[in-house]
*Asks:* 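Provided herewith is a single structure, encoded as structure tokens, for subsequent inquiry.
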Amino acid sequence: MKREERLKNCSLATFDGGKEDVALSFAGEDRKFVEDCAEILRSLNINVFYDNYEKEVLLGKNLYIYLADVYQNRARFAVVFVSKAYKKKR
């Protein structure tokens with residue numbers, strides 16, 4: 001089965017818990033790699049939460065509370081890009 005066919009059969013389309021299929025969590029030092037991943041996901045018609053896509057929404061928000069809601073309630077999956085830089089921030 002081709003990749004596109006597998007994606008069409010994926011249950012992401014039936015998720016009704018929020019607006020994002022996938023939320024990306026990463027250290028700022030890994031931004032370029034994660035941005036490339038976000039673009040690939042978008043090209044596959046997957047709704048992705050990537051902070052640079054939400055700059056206006058994030059402005060003035062308590063990021064701890066807002067991002068916790070994204071990762072826990074609004075996105076079906078959270079993808080954590082674990083790296084040396086990410087580990088240092090935890």
Side-chain angles (χ1 to χ4, degrees):
M1 181 183 294
K2 290 185 178 179
R3 179 185 220 182
E4 292 80 16
E5 292 171 352
R6 288 194 310 267
L7 287 170
K8 286 179 185 176
N9 294 328
C10 184
S11 62
L12 290 175
T14 63
F15 175 64
D16 61 2
K19 73 175 205 169
E20 283 86 23
D21 299 318
V22 178
L24 307 179
S25 177
F26 59 97
E29 293 86 345
D30 301 320
R31 181 169 298 283
K32 176 62 179 130
F33 176 77
V34 175
E35 185 168 339
D36 291 345
C37 293
E39 288 299 317
I40 291 167
L41 291 168
R42 267 187 160 180
S43 74
L44 296 170
N45 294 319
I46 295 173
N47 294 324
V48 59
F49 176 86
Y50 170 61
D51 63 348
N52 270 356
Y53 298 161
E54 307 279 333
K55 285 182 181 180
E56 296 81 22
V57 174
L58 295 174
L59 191 63
K61 300 263 191 224
N62 178 322
L63 293 181
Y64 182 81
I65 293 170
Y66 187 83
L67 294 175
D69 182 53
V70 169
Y71 298 132
Q72 293 174 14
N73 303 310
R74 289 181 33 199
R76 180 159 190 208
F77 299 102
V79 176
V80 179
F81 292 84
V82 179
S83 66
K84 289 180 182 179
Y86 191 88
K87 185 178 177 184
K88 288 179 184 178
K89 301 204 184 265
R90 294 282 153 209

*Asks:* Under 6.0 Å from the OH atom of Y66, do we count more than 12 heavy atoms belonging to anything else shown?
*Replies:*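 More than 12 within 6.0 Å, yes.
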
*Asks:* Which one of D51, V79, N52, L24 satisfies the side chain to side chain contact (heavy atoms under 4.5 Å, CB included) criterion with V34?
*Replies:*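 For V34, the side chain to side chain contact (heavy atoms under 4.5 Å, CB included) check succeeds only for L24.
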
*Asks:* Could you state whether V22 and Y53 fall into the same hydrophobic cluster, counting links through intermediate Ile, Leu, Val, Met, Phe, Trp or Tyr residues with side-chain heavy atoms under 4.5 angstrom apart?
*Replies:* yes

*Asks:* For the atom pair CD (E20) and CG (L41), what is the distance rounded to the nearest 0.5 Å?
*Replies:*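 It comes to 12.0 Å.
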
*Asks:* Using only atom types and a distance under 3.5 Å, with no angle test, would you say the side chain of D21 pairs donor to acceptor with the backbone of N47?
*Replies:*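 Yes; at least one donor-acceptor contact below 3.5 Å.
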
*Asks:* For the atom pair CD (Q72) and CG (L67), what is the distance rounded to the nearest 0.5 Å?
*Replies:*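 Here the rounded value is 10.5 Å.
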
*Asks:* Taking all atoms of both residues into account, what is the closest heavy-atom pair of Y71 and A78, and its distance?
*Replies:* CD2-CB, 4.3 Å

*Asks:* Over all heavy atoms of both residues, which pair between A23 and A75 is shortest? Give the atoms and the distance, please.
*Replies:* CB-CB, 3.7 Å

*Asks:* Does the structure place the NZ or CZ of R42 under 6.0 Å from the centre of the six-membered ring of Y50, at an angle of no more than 45° from the ring's axis?
*Replies:* no

*Asks:* Could you state the interatomic distance from CD (E29) to CZ (F81), rounded to the nearest 0.5 Å?
*Replies:* 14.5 Å

*Asks:* Membership question, hydrophobic clusters at under 4.5 Å side-chain separation (ILVMFWY): are V57 and F49 in the same one?
*Replies:* yes

*Asks:* Please tell me whether I46 and F26 are part of a single hydrophobic cluster in this structure, the criterion being side-chain heavy atoms less than 4.5 Å apart.
*Replies:* yes

